[in-house]
Amino acid sequence: MRKVLSKQFFEYPAPHVATKLLGMYIVRKMNGTEIAFRITETEAYEGLDDLASHASKGRTLRTEVMFGEAGVFYIYLIYGLHFMLNVVTGKKGFPSAVLIRSTDAVEGPGRLTRKLSITKNLNGCKVTPNTSLWFEDRGDVVAKQNIIQTPRIGVEYSGEIWAKKPWRFVLRK
DNA sequence: ACGATGATGAAC
DNA sequence: TTCATCATCGTA
């Protein structure tokens with residue numbers, strides 16, 4: 001079974017989409033060949049109030065895509081070195097996104113984008129095979145008890161409430 | 001443990 | 001226009 005995830009899949013709150021993406025596959029087509037990795041770790045960033053989210057700064061050139069339609073990539077450079085891959089979720093006008101942190105084959109958000117040659121030029125592009133980067137449901141079943149929830153990584157600065165939100169989701173090995 | 005390395009947003 | 005701050009990684 002190979003079903004390409006369409007826009008509707010992402011039209012839900014980020015924490016929901018983040019859990020549903022576990023066990024799905026990220027597929028990348030590069031110079032003719034496809035590679036697919038099973039997603040094992042995600043994080044949700046949800047709303048203007050979420051001080052860990054870039055969107056808490058409001059609508060800016062950088063955060064604009066987070067306020068747009070679901071099913072669009074939000075990609076940015078962090079620490080001057082690593083590109084982070086996110087997918088916009090939820091309703092238009094409400095800023096939310098899911099960060100893809102790890103897969104079976106490649107762990108770490110920066111390593112993943114390097115491995116898949118993902119850079120800022122995909123920022124704002126739709127999640128579809130036309131973009132050469134998309135997601136597939138390959139029929140893997142994920143039991144709820146195999147999903148571990150923890151606070152998000154690297155957001156200590158965001159204060160008591162937001163730093164502790166259990167919006168990181170990890171698939172047990 | 002720490003330095004690399006550049007875009008972003010906020011202050012001056 | 002300058003400055004501190006980063007949703008990290010590799011080497012030590």
Side-chain angles (χ1 to χ4, degrees), chain A residues 5 9-10 12-24 26 28 30 35 37-91 93-127 131 133-135 147-171 173:
Chain A
L5 300 188
F9 179 91
F10 301 98
Y12 293 88
H16 177 263
V17 176
T19 57
K20 291 294 182 189
L21 275 174
L22 295 176
M24 299 294 176
I26 181 166
R28 177 68 161 143
M30 295 186 293
I35 46 178
F37 296 146
R38 185 164 163 270
I39 296 168
T40 55
E41 184 183 352
T42 57
E43 277 179 8
Y45 290 84
E46 175 88 340
L48 276 170
D49 300 335
D50 181 358
L51 294 179
S53 171
H54 293 159
S56 64
K57 304 281 184 190
R59 233 184 233 260
T60 68
L61 202 59
R62 178 208 215 180
T63 61
E64 190 58 31
V65 289
M66 283 189 83
F67 287 82
E69 299 278 350
V72 168
F73 292 114
Y74 170 46
I75 299 166
Y76 64 90
L77 185 68
I78 191 65
Y79 302 123
L81 294 165
H82 310 286
F83 289 106
M84 298 289 106
L85 174 66
N86 301 252
V87 188
V88 176
T89 63
K91 292 195 168 72
F94 182 82
S96 60
V98 172
L99 169 66
I100 312 298
R101 288 190 60 88
S102 285
T103 63
D104 271 348
V106 186
E107 294 197 28
R111 291 175 185 166
L112 182 66
T113 52
R114 197 183 57 193
K115 195 79 170 180
L116 298 180
S117 301
I118 293 167
T119 66
K120 253 170 76 148
N121 55 29
L122 286 171
N123 184 46
C125 291
K126 288 180 184 175
V127 179
T131 315
L133 181 63
W134 67 99
F135 298 95
I147 298 176
I148 302 163
Q149 276 189 68
T150 81
R152 294 169 290 183
I153 303 294
V155 296
E156 291 306 313
Y157 63 88
S158 63
E160 187 79 358
I161 296 177
W162 300 102
K164 288 186 175 169
K165 282 275 178 203
W167 282 353
R168 173 173 173 252
F169 305 92
V170 186
L171 202 48
K173 290 189 181 175

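Just so we're on the same page: letters track the sequence lines, and every chain starts at 1.
Rounded to an integer number of Å, the gap from CG of A/Leu112 to P of C/dG10 is 12 Å. A/Arg101 places its CZ atom 12 Å from the C1' atom of C/dC9, with the value rounded to the nearest Å. In this structure, CD of A/Glu46 is placed 18 Å from P of C/dA7, rounded to the nearest angstrom. Note: CD1 (A/Ile75) to C1' (C/dA7) measures 14 Å, nearest angstrom. Put simply, CZ on A/Phe83 is 14 Å from P on C/dC9, counting in whole angstrom units. The separation between A/Glu43 atom CD and C/dA7 atom P is 10 Å, rounded to whole Å. Atom CD1 of A/Ile118 and atom P of C/dT8 are 16 Å apart (whole Å). Remark: P of C/dC6 and CZ of A/Arg62 are 11 Å apart, rounded to the nearest angstrom.
Using a 4.0 Å cut-off, some side-chain N or O of A/His54 falls inside it from OP1 or OP2 of C/dA7. When the side-chain nitrogen and oxygen atoms of A/Arg152 are compared with OP1 and OP2 of C/dT8, none of them lie within a distance under 4.0 Å. Taking side-chain N and O atoms only, A/Arg114 has no distance below 4.0 Å to OP1 or OP2 of C/dT8. Applying the 4.0 Å criterion to OP1 and OP2 of C/dA7, one finds that A/Tyr157 has a side-chain N or O inside that range.
No more than 12 heavy atoms of other residues, nucleotides or ligands sit less than 6.0 Å from atom OH of A/Tyr12. The number of heavy atoms from other shown groups lying within 6.0 Å of CD1 (A/Ile161) does not exceed 12.
Side-chain contact annotation: A/Thr89 with A/Ser96, donor-acceptor N/O pair under 3.5 Å present.
We find the CD1-CG distance between A/Ile26 and A/Leu133 to be 5.0 Å, quoted to the nearest 0.5 Å.
For A/Arg28 (side chain) and A/Ser117 (main-chain N/O), a donor-acceptor pair under 3.5 Å exists by modelled atom type. The backbone N or O of A/Arg101 sits nowhere less than 3.5 Å from a side-chain atom of A/Glu41 that would complete a donor-acceptor pair. In this structure, the side chain of A/Thr60 engages the main chain of A/Arg62 through a donor-acceptor pair within 3.5 Å. Not a single donor-acceptor pair under 3.5 Å links the side chain of A/Arg114 to the backbone N or O of A/His82.
Residues A/Met84 and A/Gly110 share a closest heavy-atom pair of CE-N, 3.6 Å.
Test A/Thr19, A/Val98, A/Asp50 against A/Trp167 for side chain to side chain contact (heavy atoms under 4.5 Å, CB included) and you get one pass: A/Asp50.
Rounded to the nearest Å, the gap between the P atom of C/dT5 and that of B/dG3 is 16 Å.
The residue A/Leu81 sits close to a base: some heavy atom pair falls under 4.0 Å.
Listed nucleotides C/dT8, C/dG10, C/dA7 differ in distance to A/Arg111; the shortest reach to its side chain belongs to C/dG10.
Taking a pair as Watson-Crick or G-U with both hydrogen-bonding distances under 3.5 Å, the stems of three or more pairs touching DNA chain C are B:1-4 with C:8-11, B:6-11 with C:1-6.
Where DNA chain B meets chain A (any atom under 4.0 Å from a heavy atom), the bounding nucleotides read 5' to 3' are B/dA4 to B/dA10.
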